Amino acid sequence: MDLAKLNPPQREAVTHFGGPLLVLAGAGSGKTRVITFRIAHLLAQGVPPEAIAAVTFTNKAAEEMRERVAFLLQDRRTAKKLTIGTFHSMGLWILKEERKALGFPRGFTIYDQSDQLGVVREILRHLAKEDADRRYDVKAILTRISLAKNGFVAPDAYKIHEGDDYDEVTAEIYPRYQEALRAFAAVDFDDLITEVVRLLETNPAVRDRWRSRFRFVMVDEYQDTNRAQLMMVKHLVADHGNLVVVGDDDQSIYSWRGADPTNILRFTEMFEGARLVKLEQNYRSTKTILDAANAVINNNTQRHGKTLWSDKGAGAPIIHAVAPDVETEAKWVAREVRRLHQDDGRPWSAMAVMYRSNIQAKLLEEELRTNEVPYTMYGGQQFFERKEVKDVIAYLRIALNGRDELALRRIINYPARGVGATTVERLVARAQAQHANLWDVVRAAGAEAADDPEIRPQTRRALGDLVGVVERLRERLAGDVIVATRGLLDDIALYDDLRHAAPSMTAAQRRIDNVEGLIGTLTRHRDKRGGEGLADLLRHLSLQSDSEEADAGGEKVILTTLHGSKGLEFPVVFMVGLEEELLPHARTLQPQATDVIDADHAIDISEERRLCYVGITRAQQQLYITRACVRTSRGRPMPRTPSRFLLEIPDELLEVRDLAEEAREKVPSDEVRQFFSKLSFDD
DNA sequence: CGTGGCCGGCTTTTT
DNA sequence: GCCGGCCACG
């Protein structure tokens, strides 16, 4: 490792030894480099790898970090001994180690968002209110519960903002939600952090164990931490204060899901004696792009304040394309992308198209397809969210954790075995009356000897079948996971059902492939994680989005939301739809009833501005900003005004293109060109 | 239990 | 204006 490869502030951050340090890392300023060099530096100073922890937000970031440290050290074995993981995987680790202190059973389940929504929906259904489950937006309730949990507001202490209906239902739902999770032996993502904090606060033995574990802690993307995560970190470093956090207050774009920007804004007040290092030299973008980014972000007031600079040249001007309507905008982007590839030799993967909201992607996809531009979309439906995958996982879950009511409800009549809603409701009511869990009630009702006036013999047999399938699965799970899962698929004849139910053969095959994909993932995890049990494997799976397997590189143009673009960079970036009500979004300008009200009721567009800043700073060489003058919203064509953020960019950095004019001049030749390109392609 | 028609809604999303 | 979710009907 060569410290001379670093610029002065980078070196200062890397060689900083004890005490708290905030590294304000501007976009493209070599943030990951600082963290990895710092880890290597600590090791070189003789710090044992077991004493170092680095916390990230995504699995991808964690893997990348470990990868780069291993490369830097040229030593995989040492890299393996480092603790590098997401907040949630670290929380899970601690909860697992302290499972007994918490009173969790071995097979406890992690509930993801769709599970959480299921729990809330179920509680709403049983609420005395008329039509409660239809009247309310379940997600809005869940958001409030999550914000409360992360703010350590107890279920019985939920504060209702005057006149906010959603606060009122949340106050009713939240305590029941938390009770339900515990009854189901389940934790949600928030619990993975908050339960750890609670434990560290209430159990001195546990606290001491974890406080002496790490002597150096690092946190990446610190601007995204919420209060609970801050508390967790605080506890871990309470003995020594050796904490280095790296982040950028100007890239804080997740406050809507609980991130608290004051964590980074007030770091030096929260951690006594903290030092501050600013990384302002940018190694990514041209001067033009940085000037635009700086000009925009300078309009925000609540910030540490830094100015990105680069020793690169001015480069190309930013192209500001004004289209008469959205169709023209999308068409032009698709053709320009194609032109850059064909004429300028840009690889497809050197280009990205970014937008504020996913709906904008639809038209772009269409145009890219007609122009035969290969593209891949970031985000979209996650592999583990697919129905057939979740169904199989639900069987595994109920086999491991008999209290996982949600999993049981999911598969109680899947594949269809004649257990209707009435039967389920009856059984649930019975479970409630007997203070038993649903699985035990189902088992009793399905027993051959059961003589139950409420349940028809046919239904009894169906329940008996289900119990048989699950119990056989549980027995098989004592052996090999894959053999057991294959046995399950046979027992329930899943593939027959998928073939039968799918609208087409290709759709059926796709679903079968998805299940096979799950088996592939299970196999890999089994082989990699060795002796760990299935319960553990499933928990790790829930913390794992499938982005790793989804699009492994590939020569394709990237389509992504501005949120999804954070942390990425491309030689060419298109930011589309830079109009008022898209960026800043209308929802920010006029909040809805379901939106969480800000403490001071003020409309704050600074996060939207940061989103714009994030987009601009993704570009290395060439930035395109496009907008349309007319856009149909809710069926009506509406005149559009340029985004206020676009107006904040100095004119001399922009080169305006009037696409209405270009269209008038070029339509015939363009059509001729397309005609010929189609011809040559068919040959 | 599956499907077609109708009604409502229409940011961002990782773990 | 379109899509997705839900209910009613077959």
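Small disclaimer: the values here were computed from a predicted structure and weren't measured.
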Worksheet item: Between atom CD1 in A:Ile253 and atom C1' in B:dT13, what is the gap in whole Å?
Response: 10 Å

Worksheet item: Expressed in angstrom and rounded to an integer, what is the separation of A:Asn358 atom CG from B:dG9 atom P?
Response: 20 Å

Fill in: Integer angstrom distance from the C1' of C:dC6 to that of B:dT11
24 Å

Practice prompt. Output yes when A:Lys566 and A:Asp248 qualify as a salt bridge under the 4.0 Å nitrogen-oxygen rule, no when they do not.
Written response: no

Item to complete: Nearest whole angstrom, please: distance from the P of B:dT15 to the CZ of A:Phe189.
Response: 8 Å

Worksheet entry | Under the side-chain contact (heavy atoms from CB on, under 4.5 Å) test, residues paired with A:Val424 that sit two or more places apart | A:Arg409, A:Ile412, A:Val419, A:Val428

Worksheet item: How close or far is atom C1' of B:dT12 from atom CG of A:Asp224, stated in whole angstroms?
Response: 13 Å

Worksheet item: How long is the line joining CG of A:Leu147 and P of B:dT13, in whole Å?
Response: 17 Å

Worksheet item: B:dT11 C1' sits how many Å from A:Leu582 CG, rounded?
Response: 10 Å

Response to the item:
Here the distance between atom P of B:dT12 and atom NE2 of A:His585, to the nearest Å, is 7 Å

Worksheet item: Any idea which of B:dT11, B:dT15, B:dT14 is nearest the A:Leu543 side chain?
Response: B:dT15

Discussion item. Are A:Phe184 and A:Val119 packed together at the side-chain level, in the sense that at least one heavy-atom pair is separated by less than 4.5 angstrom?
Written reply: yes

Practice prompt. Quickly work out the A:Lys139 NZ to B:dT11 C1' distance and round it to whole Å.
Written response: 10 Å

Worksheet item: When we call it a touch if two heavy atoms are under 4.0 Å apart, what does A:Gln360 touch: a base, just sugar-phosphate, or nothing?
Response: nothing

Discussion item. Can you tell me how the ring of A:Tyr254 sits relative to the ring of A:His563, calling it parallel under 30°, perpendicular over 60° and tilted otherwise?
Written reply: tilted

Practice prompt. Using heavy atoms to find the nearest nucleotide of DNA chain B for A:Gly564 and A:Gly418 separately, return the residue whose nucleotide is more 5′.
Written response: A:Gly418

Discussion item. Using a strict threshold of under 4.0 Å (side-chain N to carboxylate O), is an ion pair present between A:Arg198 and A:Glu195?
Written reply: yes

Worksheet entry | Residue-phosphate contact under 4.0 Å: A:Lys362 side-chain N/O, C:dC3 OP1/OP2 | yes

Response to the item:
Winner on side-chain proximity to A:His563, out of B:dT14, B:dT12, B:dT11, is B:dT12

Fill in: Under-4.0 Å side-chain N/O to phosphate OP1/OP2 contact, A:Ser89 with B:dT15
no

Worksheet item: Does A:Trp256 lie flat on the base of B:dT12, that is, centres under 5.5 Å apart and planes under 30° off?
Response: yes

Worksheet item: Below 4.0 angstrom from OP1 or OP2 of B:dC1, is there any side-chain N or O of A:Asn413?
Response: yes

